[in-house]
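Working notes, beginning with the structure itself.
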Amino acid sequence: MNLFNSFRAAIVEAVESLVQAGTLPAGLPVGAISVEPPRDASHGDLATNVAMVLGKPAKLAPRAIAEALKPLLAALPDVTAVEIAGPGFINLRLTPAFWQARLRDVLAAGTAYGDSKVGGAAAVNVEYVSANPTGPMHVGHCRGAVFGDALSALLEKAGYAVTREYYVNDAGAQVDVLARSAHLRYREALGESITIPEGLYPGDYLKPMGAAIAKADGEKWLKVPEGEWLPAFRRLAIDAMMVLIREDLAALGIVHQVFSSEKALHDGGAVTAAVDDLASRDLVYTGVLEPPKGKMPDDWEPRPQLLFRATQFGDDIDRPLKKSDGAWTYFAADIAYHWDKYRRGFGRMINVLGADHGGYVKRLKAAVQAVSNGAASLDVKIIQLVNLLDGGQPVKMSKRSGSFVTLRDVVDEVGKDVVRFIMLTRKNDAALDFDFQKVREQSKDNPVFYVQYAHARINSVMRKAGAVAAESLDGASVERLDHPSELALIRALASWPRLVESAAEAHEPHRIAFYLYDVAAEFHALWNLGNDEPGLRFVQDRDPGLTRARLALIRGVATVIASGLQVLGVTPVEEM
RNA sequence: GAUCCCGUAGCUCAGCUGGAUAGAGCAGCCGCCUUCUAAGCGGCAGGUCGCAGGUUCAAAUCCUGCCGGGGUCGCCA
């Protein structure tokens, strides 16, 4: 439990004892009581809204409640002062010893500091990337990949049992396009000169695949009709693409535990089973849809078709399950996919999707509601676009010619750590600028380097301190860390567990990047105090005890930074 | 037309699921290297939180309606 929640529990207890004493009426709602760090540090260490929240239900003035609580809160361990402020805030001040003890917590836990049990080991499925296996990954996929991976790590840190999953769209027309494109490259590898017709994939990445098949199978697929080679090329091409994609992901440090196949859902009867299941609960019917609004498709004609009652679950229209040729729609397979996830034991699902899937969210949520009878939850995180820039100028990409900026290009250019960190410096639903020039810069403009620099600087001090740092810091006299800036830094470290919990609950890994930046800034500030006042430098040659205490402090900073970077999947650097 | 996202300092963005006097970084101005890494730090200046209502003890935050910018709309995947 984070320290704010511990105090919250103590405050709720105090309220209950006032109820016992008859000062407050029984049956008060305590759910809205919060304990937070005050925005303004001069207000103290903790602030609670308890008196204001209870004012109305208790039919008492907030300040009167606050006055009644004051002696009880003042008697709590570690509390040095209780102040009532503004409309009824209660501000608590804590002893330096309390904060110094938190530093010991950090050192004792190491990078496990911040690990939480709020998740209760609940199973969460995070589906991310799920790029169509028709080519290498490009930068557009990158942000979602990093986001999903960091979110997974964050949820794990918060105590959830996370499964990282990739949904492979290996069914449908695009796979035929891929297979035909691959066959063309195969013919090319056997000496034919080819032209790539409109509608097939022109990218060079298919050349090695064609060559490999030519080498393995010779002219086996050259003279037979398409009906014979197509199934084989479908499988070969998908497999090869998935190898490529896994390599791309590995370059970013991303490994999925589960790859689910759309085709397998069809072949294994899951689609039929899922739709039957819905039909048995009257969630499927045959009806006629209104024509789509906006731009009217040329070939629209109203006709009866199999529909899912998505409107019962908040969607705008009911959604088709079968195409005119009798095949299942993509959405039907998606229903089956989530039906399958639920049956695999996932009561919590998170889908990380690209910006172009915004219109898909309602029907997905409807599907999850339907297949789980309302028991499962789905959160869909839409990842907005990344604008690739170089010195403020847009980087040109042409998807048609097959020459787009690949994920691998970017990782090779600036490195995995930079890509990952930058991708998390904006919340997922806002667009993000990725400027190569800025990202290569080693300055404060570049948040990655700023945070890394703090970590490296700490290591530099440790090296400088030599023998003192070599000894264990466990027994350091942390009570000597009594400067306001030192205590402020400890407070920042001590808020890490709370941040982990709130970021995990909100599914917002970007908060970690911002937090680390703040911690780094606070450390750099303390460092510079030592420039003006030599007595505040970490290493004090004439006072090994004080040196050890301060080294303990900055080791704590390095530990929390490392702990946060670990969640983001970024390697802390020791030296710069 | 429907739907989703965005609108906060000149620029790029945070704002801890409703709290107190709205915060950073760039850019501008003024300072700090005989120093544990100046790859850094301190200070000044900069705001009708798009607009208008509503809910609340309390709204940048929640609700409604507008105004701007962007995405999406299909029997595609």
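The sequence lines fix the lettering, A, B, ..., with proteins before strands; numbering per chain opens at 1.
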Value in whole Å for how far the P atom of U72(B) lies from CG of D316(A): 17 Å

Check ion pair D543(A)-R480(A) (N to O, under 4.0 angstrom): yes

Options C13(B), U56(B), G15(B), nucleotide nearest the side-chain atoms of K56(A): U56(B)

Pair assignment for A22(B), Watson-Crick or G-U wobble, requiring both distances under 3.5 Å: none

Selected nucleotide, minimal atom distance to D429(A) side chain, candidates U35(B), C76(B), C6(B): C6(B)

For C33(B), glycosidic torsion class - syn if within 90° of 0, otherwise anti: syn

NZ/NE/NH1/NH2 to OD/OE distance under 4.0 Å, K70(A) and E83(A): no

Phosphate OP1/OP2 of C4(B) contacted by K362(A) side-chain N/O (<4.0 Å): yes

Nucleotide nearest M52(A) when distance is taken to its side chain, options C57(B), A14(B), A38(B): C57(B)

Minimum-distance nucleotide to N132(A) side chain [options: G15(B), C36(B), A77(B)]: A77(B)

Nucleotide forming a Watson-Crick or wobble pair with G68(B), both distances under 3.5 Å: C6(B)

Salt bridge R498(A)-E501(A), side-chain N to carboxylate O under 4.0 Å: no

Proximity to the side chain of E262(A) - top-ranked nucleotide from A77(B), C32(B), U37(B): A77(B)

Separation of atom CZ in R550(A) from atom C1' in C36(B), rounded to whole Å: 11 Å

Closest to the R303(A) side chain, choosing from U12(B), C75(B), U37(B): C75(B)

Proximity to the side chain of R39(A) - top-ranked nucleotide from G40(B), A60(B), C36(B): A60(B)

Salt bridge flag under 4.0 Å for residues D532(A) and R537(A): no

Who pairs with A60(B) - Watson-Crick or G-U, where each distance is under 3.5 Å: none

base_contact_polar (C36(B) base, R457(A) side chain, donor-acceptor, <3.5 Å): no

P gap between A9(B) and G46(B), integer Å: 15 Å

